[in-house]
Asker: 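Supplied in structure tokens, the structure appears directly below.
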Amino acid sequence: MHDENSLWRESGLRLSGFGHYYPRLLVENETGDDPAGNAVDEAVIGRLDVRSRHVADEEETPAYMGVRAARAALEQAGVGADEVDLLVFSNWTDRQFVPEWGPHAAHLLGADRALAFDVCGACTGFVHGVQTAAALFGAHATWRHALVVSSERFSRRVRPGSKGELIVGDAAGAAVLSRGAEPDAGLWDSLLISDGSGRETVTVYPPNGWIKSSRELVSIAADSHADLAQRMLARSGTKMDEIDWVVPHPGTGQLHTAVRERLSIPEERFVTNYETVANTGSASVPIVLSEMSRDGRLKTGDLCYTPTVGSGWYYGGLLFRV
């Protein structure tokens, strides 16, 4: 049984391939280096539990990284760049007025017939991108394949020398969304919620463009996760213990613990790569899915739930069967 509000259960859309890219420079956090930080750092970050993070160089722009993640996703899906009908590009760390990154990435990829554009939604950008692509499939009956690319240089959005610098990294992740899912497989549901009353929870303002978090971030985010799970599980008629993998956007270690405890999620089914690549913004979910699909953890028939929160305030997630 499932609720009629489960958006995509009968759509025949599936996530057919994943890819990721990490910048060449890997920075190791010094063993035992856990600066105290300020009161907000203690409330939001807590203990330093990131061992390493990637930092992009000048060549590794969002488009450069995104194209490499996209190529890997297309290869896994068995789809050519010239078969892509739509490319949705999520990025918040390098937002610019014009031109957007999406058309440039599509051109570099060789997906020249694809409609390409950017979305934001901060760290919920991958969910935003998949939901947008799925909605556009409904308006274009001849479309077969879409690319959702999330590419972030989070290292540029933190104050140098701060504790926050030690827990963020750069990366790109991508997923191919295709028609042709088997019955009861593929994309089941997506949900993206905005709440402007929480706009000051996380901010990035001029002149420096460095991220600033409220000390209430963890509690606000945990509440959002709880609300999202209640809504999405009810919509699909699913119980948390029926989900094989929970792949969240990793804000901080403090938040992971709060969410796992709040929703009673076993640690072995709650998957992030936060300790080894840090918080990579909207790229965080697709890079984990890509790693899992390559190392054999993600198997046909697995049910995945990808909850995210982001500045705005946004929260949202995807529910899909591989």
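Note that these values count all heavy atoms, side chains included, but never hydrogens, waters or copies made by symmetry. Sequence positions, counted from 1, serve as the residue numbers for this chain.
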Asker: Report the residues that fulfil salt bridge (charged side-chain N to carboxylate O under 4.0 Å, His left out) with R297, sequence neighbours left out, ordered by chain and then residue number.
Answerer: D295
Asker: Mind checking what makes salt bridge (charged side-chain N to carboxylate O under 4.0 Å, His left out) contact with R156, not counting sequence neighbours?
Answerer: E58
Asker: Does any pair with a residue in residues 149-178 pass ring pair (Phe, Tyr, Trp, His ring centres under 6.0 Å), and if so which ones, sequence neighbours excluded?
Answerer: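 The answer is W92-F154.
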Asker: Hey, would you say the Y22 and H20 ring centroids sit under 6.0 Å apart?
Answerer: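 Distance test on ring centres: under 6.0 Å, yes.
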Asker: Identify, with sequence neighbours excluded, every residue that meets side-chain contact (heavy atoms from CB on, under 4.5 Å) alongside P266.
Answerer: E268, R269
Asker: Restricting to side-chain contact (heavy atoms from CB on, under 4.5 Å), what partner residues turn up for T257, sequence neighbours left out?
Answerer: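 T257: side-chain contact (heavy atoms from CB on, under 4.5 Å) contacts with R260, E261.
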Asker: Can I get a per-line list of side-chain donor-acceptor pairs under 3.5 Å for residues 105-113, giving both atom names and the distance, sequence neighbours left out?
Answerer:
| from | atom 1 | to | atom 2 | distance (Å) |
| --- | --- | --- | --- | --- |
| H107 | ND1 | D112 | OD1 | 3.2 |
| R113 | NE | D82 | O | 2.7 |
| R113 | NH1 | D85 | OD1 | 2.9 |
| R113 | NH2 | E83 | O | 3.3 |
| R113 | NH2 | D85 | OD1 | 3.1 |

Asker: Is it the case that atom CD in E182 sees more than 12 heavy atoms from other parts of the structure closer than 6.0 Å?
Answerer: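 Incorrect, the count does not exceed 12.
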Asker: Tell me which donor-acceptor pairs under 3.5 Å the side chains of residues 70-80 have, and how far apart each pair is, sequence neighbours excluded?
Answerer:
| from | atom 1 | to | atom 2 | distance (Å) |
| --- | --- | --- | --- | --- |
| Q76 | OE1 | F18 | N | 2.9 |
| Q76 | NE2 | S293 | OG | 3.2 |

Asker: So which pairs with a foot in residues 270-282 pass salt bridge (charged side-chain N to carboxylate O under 4.0 Å, His left out), sequence neighbours left out?
Answerer: R51-E275
Asker: Inspect the contact between R235 and D189 and indicate whether a charged nitrogen and a carboxylate oxygen are less than 4.0 angstrom apart.
Answerer: yes
Asker: For a quick test of your reading: what N or O donor-acceptor pairs under 3.5 Å do the side chains of residues 134-151 make, sequence neighbours left out?
Answerer:
| from | atom 1 | to | atom 2 | distance (Å) |
| --- | --- | --- | --- | --- |
| H145 | ND1 | S178 | OG | 2.8 |
| S150 | OG | S90 | OG | 2.7 |
| S151 | OG | P62 | O | 2.8 |

Asker: Taking only Lys NZ, Arg NE, NH1 and NH2, and the carboxylate oxygens of Asp or Glu, determine whether R159 and E165 approach each other closer than 4.0 Å.
Answerer: no
Asker: Judged by atom type as modelled, is there a donor-acceptor pair below 3.5 Å linking the side chain of H249 to the main-chain atoms of C123?
Answerer: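 Not a single qualifying donor-acceptor pair exists.
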Asker: If you link I, L, V, M, F, W and Y whenever their side-chain heavy atoms are under 4.5 Å apart, who else ends up in the same group as Y64?
Answerer: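 Cluster partners of Y64: Y21, M65.
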Asker: If you count the non-hydrogen atoms of other residues, nucleotides and ligands that lie under 6.0 Å from CZ in R294, is the total more than 12?
Answerer: yes
Asker: Would you list the atom pairs, donor with acceptor, under 3.5 Å between side chains in residues 310-320 and any protein atom, with sequence neighbours excluded?
Answerer:
| from | atom 1 | to | atom 2 | distance (Å) |
| --- | --- | --- | --- | --- |
| S311 | OG | V202 | O | 2.6 |
| W313 | NE1 | S224 | OG | 2.8 |
| Y315 | OH | D227 | OD2 | 2.6 |

Asker: So which pairs with a foot in residues 12-21 pass salt bridge (charged side-chain N to carboxylate O under 4.0 Å, His left out), sequence neighbours left out?
Answerer: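 Of all non-adjacent pairs touching residues 12-21, none passes salt bridge (charged side-chain N to carboxylate O under 4.0 Å, His left out).
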